[in-house]
Amino acid sequence: HTEEVKREAAALATSRAAKDATVGPALRRGPLDGVKIVDFGLAVAGPWASQVLADLGADVIKVDPPRQAGWLATNMAISVNRSKRSVCIDMKRPGGSEAAYDLVRWADVVIFNMRPQAAAKLGLDYETVAAINPSVIYCHTRGFDDSPRSLLPVNRSKRSVCIDMKRPGG
């Protein structure tokens, strides 16, 4: 009964196409539909901010360096990078900065959360980004306030303890 199944599938496809044509204009993706964001964020803070914006309809391109490959396979990274497109760019290699700068020119918003010194070394400091795209919104998520620790990586100030609950005294 192959022919019968093919006819039934074709009729179903035709009826779905007709129904889709009567639905009306395309629905907006969300309140941020049309906003273009480039996310240079690392770990959770930067990527989580742009994930929320992507869930609200923004078009987010996540840029990661090659060394992030192990992190990107974790459940947390998958969660904070949902709803985004992604690209791997090594800004320390020839052509990497230019590829990143093309995205900065395209963007309405640039998001990152690296230390200010690291951003400057990569050419992602405010002055450089604003020179490339004067109308861009520059969003820097910091781990610390304006204290003496403000230039430190966030994870440096934290201490972690591993407790094995299966061992006596754990």
Notebook entry, point to check: Between Asp59 and Arg85, is there a side-chain N and carboxylate O pair less than 4.0 Å apart?
Noted result: yes
Next item on the list: Using a strict cut-off of less than 4.0 Å between a Lys/Arg side-chain nitrogen and an Asp/Glu carboxylate oxygen, indicate whether Asp55 and Arg82 qualify as a salt bridge.
Entry: yes
Check: Could you walk me through whether Val87 and Leu103 pass the side-chain contact (heavy atoms from CB on, under 4.5 Å) check?
Finding: CA-CA 11 Å; Val87 63; Leu103 291 172; 4.2 Å; yes
Item checked: Pairs meeting criterion ring-ring contact (aromatic ring centres under 6.0 Å, His included) with involvement of residues 115-139, two or more places apart -> Phe112-Tyr138, Tyr126-Tyr138
Notebook entry, point to check: Is any side-chain heavy atom of Val110 less than 4.5 Å from a side-chain heavy atom of Phe40?
Noted result: yes
Checklist line | Contact check, side chains of Pro65 and Asp90, non-hydrogen atoms, under 4.5 Å | finding: no
For [X] and [Y], which heavy atoms make the closest approach, and how far apart are they?
| X | Y | value |
| --- | --- | --- |
| Thr128 | Gly123 | CG2-O, 3.2 Å |
| Pro116 | His140 | CG-CE1, 4.0 Å |
| Ala54 | Lys84 | CB-CG, 4.3 Å |

Margin query: Using side-chain contact (heavy atoms from CB on, under 4.5 Å), reason through Asp64 and Cys88 one step at a time and then give a plain yes or no.
Written below: CA-CA 5 Å; Asp64 282 300; Cys88 178; 5.5 Å; no
Note to self: Given 3.5 Å as the limit, does a donor-acceptor pair link the side chain of Asn113 with the main chain of Leu42, or not?
What the structure shows: yes
Inter-residue atom distance [X].[atom1] - [Y].[atom2], 0.5 Å rounding:
| X | Y | atom1 | atom2 | answer |
| --- | --- | --- | --- | --- |
| Gln51 | Ile78 | CD | CD1 | 13.0 Å |
| Tyr101 | Asn133 | OH | CG | 13.0 Å |
| Leu122 | Ile89 | CG | CD1 | 11.5 Å |
| Leu53 | Ile37 | CG | CD1 | 4.5 Å |
| Arg115 | Lys121 | CZ | NZ | 8.5 Å |
| Ile61 | Lys36 | CD1 | NZ | 9.5 Å |

Item checked: Val38 vs Val63, side-chain contact (heavy atoms from CB on, under 4.5 Å): CA-CA, chis, key distance, verdict -> CA-CA 7 Å; Val38 177; Val63 179; 3.8 Å; yes
Check: Judged by modelled atom types alone, do Lys62 and Ser50 share a side-chain donor-acceptor pair under 3.5 Å?
Finding: no
Next item on the list: Check the pair Val136, Arg105 against side-chain contact (heavy atoms from CB on, under 4.5 Å), reporting the backbone distance first and the verdict last.
Entry: CA-CA 8 Å; Val136 76; Arg105 283 182 200 94; over 6 Å; no
